[in-house]
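Side-chain atoms are counted along with the backbone in the values below, which use heavy atoms only and exclude waters and symmetry mates.
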Amino acid sequence: MELRHLRHFVALAEEEHFGRAAERVFVVQQALSNSVRNLEEEVGVPLVLRTTRRVQLTPAGQEFLVGARETLALAAQTVERARRAARGEVGRLTVGFVSGLAFGGLPEIVRRFRELYPNVSVDLRELTAHEQEAGLRGGQIDVGLMLLPVRAATLDSRALWRQPLVAALPAGHPLARKRKLKISDLAPEPFVFFPRQLRATYFDQVMRWCAGADFTPNVVQEAIEIPTLLSLVAAGVGVFLPIEFFSRLQLPGVVYRPVEDAPLVDIVAVWRRDEGKNPVVRAFLSVAEEMLGAGSGQS
């Protein structure tokens, strides 16, 4: 039994005429007649009563019609589900993100993605960049949102937004009175920063920048997440160099100042290379790029 047999039968049941039914399904009348007869042979009972004037369903045919319509509807739904999956419109996506993005960027991306793809279930997990890399390799997350690209043979990344570093200072700090700083202004200051093992690329980029101004930052306190580091700045423990994006985190006691010749840092999306053709992943990357303005180079 094939779906075409069911389509032919339903057309005949609704048209009650072999000629009109054949035209409706775009076959010759004899082909439709043979199709219905083959169906009856497979079912094992008569489904239609053939007269010279019209076609009527037997009681068995009437019951079969109900099931035939349900089967065809289910088949159509199944086809549509496959097509929607191919377009990335259904499925499940697990996204890792560094904590700072929860204050700006991530909400906009997720809100827009859910508007466009309401049938995709999105699971969000707050993870450090190091944890995201491990989660991507282990298959626990599908996409990671972090700072700076990941250099790994099994992972790909895409820059979503490029931002300069800025200085985060305690509100009462003398340097807060300046509108713009030089990196050398920060040379005598205590710093708060990430442990190098968690964000080595970011750490090394800042250290190279400072080395160009002939000093090595005196890191007096380490913390894993940006909100924690900014809280330490507010407490007067030290200064910090986040990307400008995180100046959205307006914590009491913290002020942000631009720094001359600040290096640019990327906010990136990272995914497993073998998932690059996953339509749900592609759809999310497209939305993330749209919402954050990838490659704009704007601060």
Could you give the distance from NE2 (His5) to NE2 (His8), rounded to the nearest 0.5 Å?
7.5 Å
Counting N and O atoms only, with roles assigned by atom type, does the side chain of Gln163 sit under 3.5 Å from a partner on the main chain of Phe245, one being a donor and the other an acceptor?
yes
So does Glu15 pair up with Arg24, basic N to acidic O under 4.0 Å?
yes
Just checking Phe193 against Tyr202, ring centres under 6.0 Å apart?
yes
Enter the distance from Gln56:CD to Gln62:CD here, rounded to the nearest 0.5 Å.
9.0 Å
Show me the donor-acceptor pairs within less than 3.5 Å that the side chains of residues 181-189 make with the rest of the protein, sequence neighbours left out.
from   : atom 1 : to     : atom 2 : distance (Å)
Asp185 : OD2    : Lys182 : N      : 2.8
Glu189 : OE1    : His173 : NE2    : 2.8
Glu189 : OE2    : His173 : NE2    : 3.4

Short N-O contact, Arg69 and Glu14, less than 4.0 angstrom:
yes
Does a salt bridge link Glu115 with Arg112, judged by any charged N lying under 4.0 Å from a carboxylate O?
yes
Show which residues join Phe64 in its hydrophobic cluster (side-chain heavy-atom contacts under 4.5 Å, direct or indirect), or state none.
Met1, Leu3, Leu6, Phe9, Val10, Leu12, Phe18, Val25, Val27, Leu32, Val36, Leu39, Val43, Val45, Leu47, Val48, Val55, Leu57, Leu65, Leu72
Which residues satisfy the side-chain hydrogen bond (donor to acceptor under 3.5 Å, both in side chains) test with Gln205, sequence neighbours excluded?
none
Got a sec, which pairs hit side-chain hydrogen bond (donor to acceptor under 3.5 Å, both in side chains) with one end in residues 123-136, sequence neighbours left out?
Asp123-Arg125, Thr128-Glu131
Taking Arg272 for its side chain and Arg137 for its backbone only, find out whether a donor-acceptor pair lies under 3.5 Å.
no
I need the Leu101 CG to Ile109 CD1 distance, nearest 0.5 Å.
7.0 Å
What is the ring orientation for Phe215 with Phe191, classed by angle as parallel under 30°, tilted 30 to 60°, or perpendicular over 60°?
tilted
Hey, which of Val233, Val192, Leu229, Thr228 is the one that makes side-chain contact (heavy atoms from CB on, under 4.5 Å) with Gln221?
Val192
State whether the side chain of Thr58 and the backbone N or O of Pro46 hold a donor-acceptor pair below 3.5 Å, judged by distance alone.
yes
Which ILVMFWY residues can you reach from Phe26 by hopping between side chains whose heavy atoms are under 4.5 Å apart?
none
Glu2, CD atom: more than 12 neighbouring heavy atoms under 6.0 Å
yes
Main-chain N/O of Leu264 paired with Arg162 side-chain donor or acceptor, under 3.5 Å:
no
Tell me every residue that passes side chain to side chain contact (heavy atoms under 4.5 Å, CB included) with Ser121, counting only those two or more places apart in sequence or in another chain.
Arg92
Taking side chain as C-beta onward, heavy atoms only, is Leu145 less than 4.5 Å from Val98?
no
Under 6.0 Å between ring centres, would you say that holds for Phe240 and Phe194?
yes
